[in-house]
Amino acid sequence: MRRLVLLGAVAAAFVVGGAASAAATELEDYLRAAEEAEFAGRQIVVTYWDGDEAAAGVYSVAQRDGMTTVEAGGLGLMVGGGKMEADHAAGGAAHMAMTEWADWRLSDRYDVGASEPARRLGRDATVVTVLEDGVPRLRMIFDDETGAPLLSEVFDADGELYRIAALVEFQPGEPPMARGAAGPLDEYYVVPRSSSVGLPDSLSGYWRADTYAGPEATVQAFYTDGIFSFSLFRADTRLAAGPFEDGAELEAAGRTYRRILDPGAVRVFWNASTGSFVLVGDLPPDHLQEVLDSLPTPERPNVLVRAWRGLFG
Amino acid sequence: MNDGHLGELLSAYLDGEATRVEEERIVLHLDGCEHCRGELLDLDAARGAVRSLPMLEPVHALSPGAVTREQPAIAPPASLEEARRSRSLARPAAWVAAAAAAAVLAVGGLGVMRGGSGGAEIDMAEMMDQHAVRVSVDPGLPAVQIVQVMQP
């Protein structure tokens, strides 16, 4: 009898695990189809921070032959197949590629809800929701005809909207690509892998998928949970705050980080006793907080800083 | 106390200016607060650093026996008015020394005020480029994901 109960439990585990696996597979199918969709349009992206700060952008997007271009303010970026070409505000363009990366997988902290029919921009569409502990964290609407992502919403731990990316103009079909096709690999800087890390294998539900050599003697560790991701750049030496000088302060556990909010991501900088860190990614605020709590903390400001702040605020 | 910590009381404590009641409160609080213990150590270290700053050399000799061959001896003032003039000339030197010390402290404070000044520059553009490339190879919503690395 005991053996039957045990076998039944094992079978049930396979069924449950199988269902979760099927949901992840279905989600992956939608995401892969979104990558291959051919369309053009205009997209609005807005990220809200703590209810009183927002960063927004309007972008022209186009996608065909596995390449995606995004343009705004005279600058553009094209990615696909591990290759990227990006205009820099300071002038010039970067040609960068990666040839090795870990396979994608979905964290088991997520559940994928049943897909539901919807209408969006006057078109038949499908809604897919990803939940964490029963709370919706990501809601996407895919165009039924092309598979294009018409809407993407990210929610914080309280279920409040954190980021929205919505196509407000949509033209299905093969668009003209202003930048042309990607060139051969030898026209790109191939980012080398790095064996030097000094960073944990996992951080609060995110696993370290890949590690590369970063700029200025940094190491880039790419963490993902299958839905959100971030790159953590670590330097053994002290880094100047640079673009973070004018960033907002992010307080956590009595320590201060510097933060910049972009329409599609958050960037964080700090100097710790063990090195300097720059984090860039699309993870929601509660995930970000947990990740920062798991990393070396910022240096304590010395008494001169405290005196200065005490005098001048 | 600010936010449950000792704040400015620590400075008074180190200066010996805290009242007995305040001292007892401070000692009791320090016993259970790692944050304030750290602050106390920092404050004490900073005071030590300031005390160890090199003394600025006086413009004029302070004692009659210290006159060097190169410097003329300072004759005693012939009148009260002359004494007042010589004191007003001496004051700027002391004032300059104090201002210089304050400037050193201010520059040192400015140098770390932003919690990160000093050190190699961050190549933000290249960091975001590398992040974009890696993000793009995962299945997802590329038109959304790569927006995150558009140069502002």
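Reckoned from all heavy atoms, side chains included, excluding hydrogens, waters and symmetry mates. Reminder, nothing fancy here: chain letters follow the sequence lines and each chain counts from 1.
The list of salt bridge (charged side-chain N to carboxylate O under 4.0 Å, His left out) pairs with a residue in residues 218-235 of chain A, not counting sequence neighbours, reads A/Arg109-A/Asp225, A/Arg234-A/Asp236.
Contact annotation for A/Tyr30: neither backbone nor side-chain heavy atoms come within less than 4.5 Å of a heavy atom of chain B. If you measure heavy-atom distances from A/Ser276 to chain B, you find no contacts under 4.5 Å at all. Heavy-atom distances place no part of A/Ala272 under 4.5 Å from chain B, backbone and side chain included. Heavy-atom distances place no part of A/Ala55 under 4.5 Å from chain B, backbone and side chain included.
Checked by atom type and distance alone, the side chain of A/Arg208 never pairs as donor or acceptor with a backbone atom of A/Ala221 at under 3.5 Å. Side-chain N or O atoms of A/Thr68 include none that pairs as donor or acceptor with a backbone N or O of A/Gln63 at under 3.5 Å.
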For this session: Check the pair A/Leu138 / A/Ser152 against side-chain contact (heavy atoms from CB on, under 4.5 Å), numbers first and verdict last.
Result: CA-CA 7 Å; A/Leu138 176 64; A/Ser152 166; 3.7 Å; yes
Exercise. A/Phe277 and A/Phe269: ring pair (Phe, Tyr, Trp, His ring centres under 6.0 Å), yes or no, with the steps?
Worked result: CA-CA 6 Å; A/Phe277 299 88; A/Phe269 164 78; 9.5 Å; no
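Among the candidates A/Met140, A/Arg32, A/Lys83, the residue making the largest number of heavy-atom pairs closer than 4.5 Å to chain B is A/Arg32. The candidate from A/Gly254, A/Ala235, A/Pro298, A/Pro215 with the greatest count of non-hydrogen atom pairs under 4.5 Å with chain B is A/Pro215. With respect to chain B, the highest number of heavy-atom pairs below 4.5 Å among A/Gln220, A/Glu216, A/Glu28 belongs to A/Gln220.
With respect to A/Glu249 and A/Arg259, no salt bridge is recorded, no charged nitrogen being found less than 4.0 Å from a carboxylate O.
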